[in-house]
K.L.:
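I have a structure here, written as structure tokens, and I will follow up with some questions on it.
Nothing fancy with the numbering, it's 1 onward along the sequence. Whatever order the structure lists them in is the order used to number ligands and atoms, beginning at 1. All heavy atoms count here, side chains included; hydrogens, waters and symmetry mates do not.
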Amino acid sequence: MDYRALTDYLEQNKAHYEKNAKTSLLVSFRIGGTADIALYPGTEGEFSDILKISRENGYKYAVLGNGTNSYFCDGNYGGAVIVTSRLNRIYTDGDMLVAECGASLSECAKVAMEKGLCGMEFVFGIPGSVGGAVCMNASAFGASVSDILSESKVFDTEKNKTYVLGAKEHDYGIKRSVFSENKNLAVIESKFRLCKGDKEAIRAKMSEFFIKRSTSQPLDFPSAGSVFKRPRGQFASKLIDEAGLKGLTLGGASVSEKHAGFIINTKDATAKDLRRLIEIIKIIVKQKSGADLEEEIIYME
Ligand SMILES: Cc1cc2nc3c(=O)[nH]c(=O)nc-3n(C[C@H](O)[C@H](O)[C@H](O)COP(=O)(O)OP(=O)(O)OC[C@H]3O[C@@H](n4cnc5c(N)ncnc54)[C@H](O)[C@@H]3O)c2cc1C
């Protein structure tokens, strides 16, 4: 595929793109092969134009935030990867924090803290973007994005227009949302309803969460965080640990000794290593505890 319609548009608008991009560099797992083209829209207009052109020309595409919950196939992902990292504006409006889809979650938490707004402390240290967190309903320390989300501005490639989705229309569940099944929808920006709080208390909570993360998670290895969703009433990491799977290794992919919910890339892991390890974990956990583990991480093939 020559992506002429896209590259013509990108050249005209002096937008940033890269052909034969290494997908391993776009995801925190550092696993993958290449993508035909990676695109980095710098404005909301460019983002929706790129989505529209891709749809109209039948190009396969994926929207990627910070790539901390996703991984690509080992060979060529025969499509375009639209990376949102340049759409990173954050501002507050009264008790609302508004952020573009590519904004860093930790930066949002810092802006909220500086403005004395509480409710966003739990996202501090989650390495993803706002778009990824809104799609995945990111959660930590007993709180979820669905608790604070007010609305999102989205671009719909089927309707070919931009509109606002209210909180309920996000159809949230555990690590899922309306975006999980409707790939025609892309998050442009989201608004979060926060409340007034004490800046120093907010700062203290953020640093407490940060310390908890650094002591419990294997942050010295590439990973995509917890691989499996939390089964109702249980913890995936506990089930994996109790099944005796800590340290289980396939190629370069290993179940972390520090946190059994994480698979880490210890040395040049491939998507094939990772997928086989995931299948083995699911089978053994099912045998030992009867629980069905479901993946949280997204495979882009
Ligand atoms: C060390 C580590 C710790 C982690 N800790 C946590 C944690 O505590 N809690 C937690 O919930 N997660 C955690 N994660 C996982 C991950 O950081 C979060 O799920 C995060 O919200 C994903 O954001 P992202 O931008 O990296 O998403 P990506 O991996 O880029 O994308 C995830 C999904 O969202 C879609 N998407 C992204 N942006 C858009 C958009 N603008 N429009 C439409 N679709 C979009 C992608 O297509 C993909 O399907 C952790 C990951 C790591 C590596």
Side-chain angles (χ1 to χ4, degrees), residues 23 26-32 38 41 44 47-48 50-51 61-72 77 79-88 99-109 121-147 149 152-157 165 170 172 174-190 209-210 212-214 216-230 236-237 256 258-259 261-265 295-301:
T23 50
L26 301 177
V27 298
S28 57
F29 243 134
R30 295 288 177 257
I31 284 176
E44 176 185 329
F47 187 28
S48 45
I50 286 169
L51 289 163
Y61 68 87
V63 177
L64 196 70
N66 206 27
T68 63
N69 217 28
S70 309
Y71 66 107
F72 286 85
Y77 173 78
V81 182
I82 305 169
V83 186
T84 63
S85 53
R86 295 176 65 215
L87 299 166
N88 53 16
E100 283 188 314
C101 58
S104 137
L105 291 171
S106 290
E107 284 305 314
C108 289
E121 298 89 330
F122 74 99
V123 303
F124 187 62
I126 300 181
S129 69
V130 164
V134 167
C135 291
M136 301 301 305
N137 194 13
S139 59
F141 306 110
S144 302
V145 162
S146 56
D147 300 335
L149 183 99
S152 296
K153 192 201 281 185
V154 300
F155 183 76
D156 184 336
T157 54
L165 278 188
H170 285 64
Y172 275 128
I174 298 174
K175 295 292 162 81
R176 69 156 304 283
S177 69
V178 68
F179 303 97
S180 311
E181 289 95 38
N182 296 285
K183 293 297 169 194
N184 54 309
L185 294 178
V187 179
I188 295 174
E189 73 172 28
S190 296
F209 289 161
F210 194 77
K212 279 192 181 156
R213 277 181 186 282
S214 349
S216 65
Q217 298 181 349
L219 301 182
D220 40 351
F221 287 99
S223 81
S226 296
V227 170
F228 301 101
K229 293 182 184 179
R230 192 175 156 179
S237 57
S256 165
K258 195 167 178 183
H259 186 314
F262 279 51
I263 292 181
I264 52 175
N265 180 353
E295 282 145 84
E296 168 186 329
I297 56 173
I298 311 285
Y299 182 40
M300 313 268 196
E301 50 181 331

K.L.:
With sequence neighbours left out, what residues match Glu44 under side chain to side chain donor-acceptor pair (under 3.5 Å)?
P.N.:
Lys153
K.L.:
Do His170 and Ser146 pair up side chain to side chain, a donor and an acceptor below 3.5 Å, judged on atom types alone?
P.N.:
no
K.L.:
Kindly write out the residues that satisfy side chain to side chain donor-acceptor pair (under 3.5 Å) with Arg176, not counting sequence neighbours, or none if the list is empty.
P.N.:
Glu181
K.L.:
Take the angle between the ring planes of Phe124 and Phe210 and call it parallel below 30°, perpendicular above 60°, tilted in between.
P.N.:
tilted
K.L.:
Which residues pass the side chain to side chain donor-acceptor pair (under 3.5 Å) test with Lys212, sequence neighbours left out?
P.N.:
Glu208
K.L.:
Roughly how far, to the nearest 0.5 Å, is CZ of Phe72 from CD of Glu301?
P.N.:
11.5 Å
K.L.:
Could you go through ligand 1 and note, for every N or O atom, any protein N or O atom closer than 3.5 angstrom, writing the atom names and distance to 0.1 Å, or 'none'?
P.N.:
{"from": "ligand 1", "atom 1": "5 (N)", "to": "Arg213", "atom 2": "NH1", "distance (Å)": "3.3"}
{"from": "ligand 1", "atom 1": "8 (O)", "to": "Arg213", "atom 2": "NH1", "distance (Å)": "3.2"}
{"from": "ligand 1", "atom 1": "8 (O)", "to": "Arg213", "atom 2": "NH2", "distance (Å)": "2.9"}
{"from": "ligand 1", "atom 1": "9 (N)", "to": "Ser139", "atom 2": "O", "distance (Å)": "2.7"}
{"from": "ligand 1", "atom 1": "11 (O)", "to": "Ser139", "atom 2": "N", "distance (Å)": "2.9"}
{"from": "ligand 1", "atom 1": "11 (O)", "to": "Ser139", "atom 2": "O", "distance (Å)": "3.4"}
{"from": "ligand 1", "atom 1": "11 (O)", "to": "Lys175", "atom 2": "NZ", "distance (Å)": "3.2"}
{"from": "ligand 1", "atom 1": "17 (O)", "to": "Thr68", "atom 2": "OG1", "distance (Å)": "2.6"}
{"from": "ligand 1", "atom 1": "19 (O)", "to": "Asn69", "atom 2": "ND2", "distance (Å)": "3.4"}
{"from": "ligand 1", "atom 1": "21 (O)", "to": "Ala133", "atom 2": "N", "distance (Å)": "3.3"}
{"from": "ligand 1", "atom 1": "25 (O)", "to": "Asn66", "atom 2": "N", "distance (Å)": "2.8"}
{"from": "ligand 1", "atom 1": "25 (O)", "to": "Ser129", "atom 2": "N", "distance (Å)": "2.8"}
{"from": "ligand 1", "atom 1": "25 (O)", "to": "Ser129", "atom 2": "OG", "distance (Å)": "2.6"}
{"from": "ligand 1", "atom 1": "26 (O)", "to": "Gly67", "atom 2": "N", "distance (Å)": "3.2"}
{"from": "ligand 1", "atom 1": "26 (O)", "to": "Thr68", "atom 2": "N", "distance (Å)": "2.7"}
{"from": "ligand 1", "atom 1": "26 (O)", "to": "Thr68", "atom 2": "OG1", "distance (Å)": "2.5"}
{"from": "ligand 1", "atom 1": "29 (O)", "to": "Thr68", "atom 2": "N", "distance (Å)": "3.3"}
{"from": "ligand 1", "atom 1": "29 (O)", "to": "Asn69", "atom 2": "N", "distance (Å)": "2.9"}
{"from": "ligand 1", "atom 1": "29 (O)", "to": "Ser70", "atom 2": "N", "distance (Å)": "3.4"}
{"from": "ligand 1", "atom 1": "29 (O)", "to": "Ser70", "atom 2": "OG", "distance (Å)": "2.7"}
{"from": "ligand 1", "atom 1": "30 (O)", "to": "Gly65", "atom 2": "N", "distance (Å)": "2.7"}
{"from": "ligand 1", "atom 1": "30 (O)", "to": "Asn66", "atom 2": "N", "distance (Å)": "3.4"}
{"from": "ligand 1", "atom 1": "30 (O)", "to": "Gly67", "atom 2": "N", "distance (Å)": "2.9"}
{"from": "ligand 1", "atom 1": "31 (O)", "to": "Ser70", "atom 2": "OG", "distance (Å)": "3.4"}
{"from": "ligand 1", "atom 1": "41 (N)", "to": "Val187", "atom 2": "O", "distance (Å)": "3.0"}
{"from": "ligand 1", "atom 1": "42 (N)", "to": "Val187", "atom 2": "N", "distance (Å)": "2.9"}
{"from": "ligand 1", "atom 1": "47 (O)", "to": "Val63", "atom 2": "O", "distance (Å)": "2.6"}

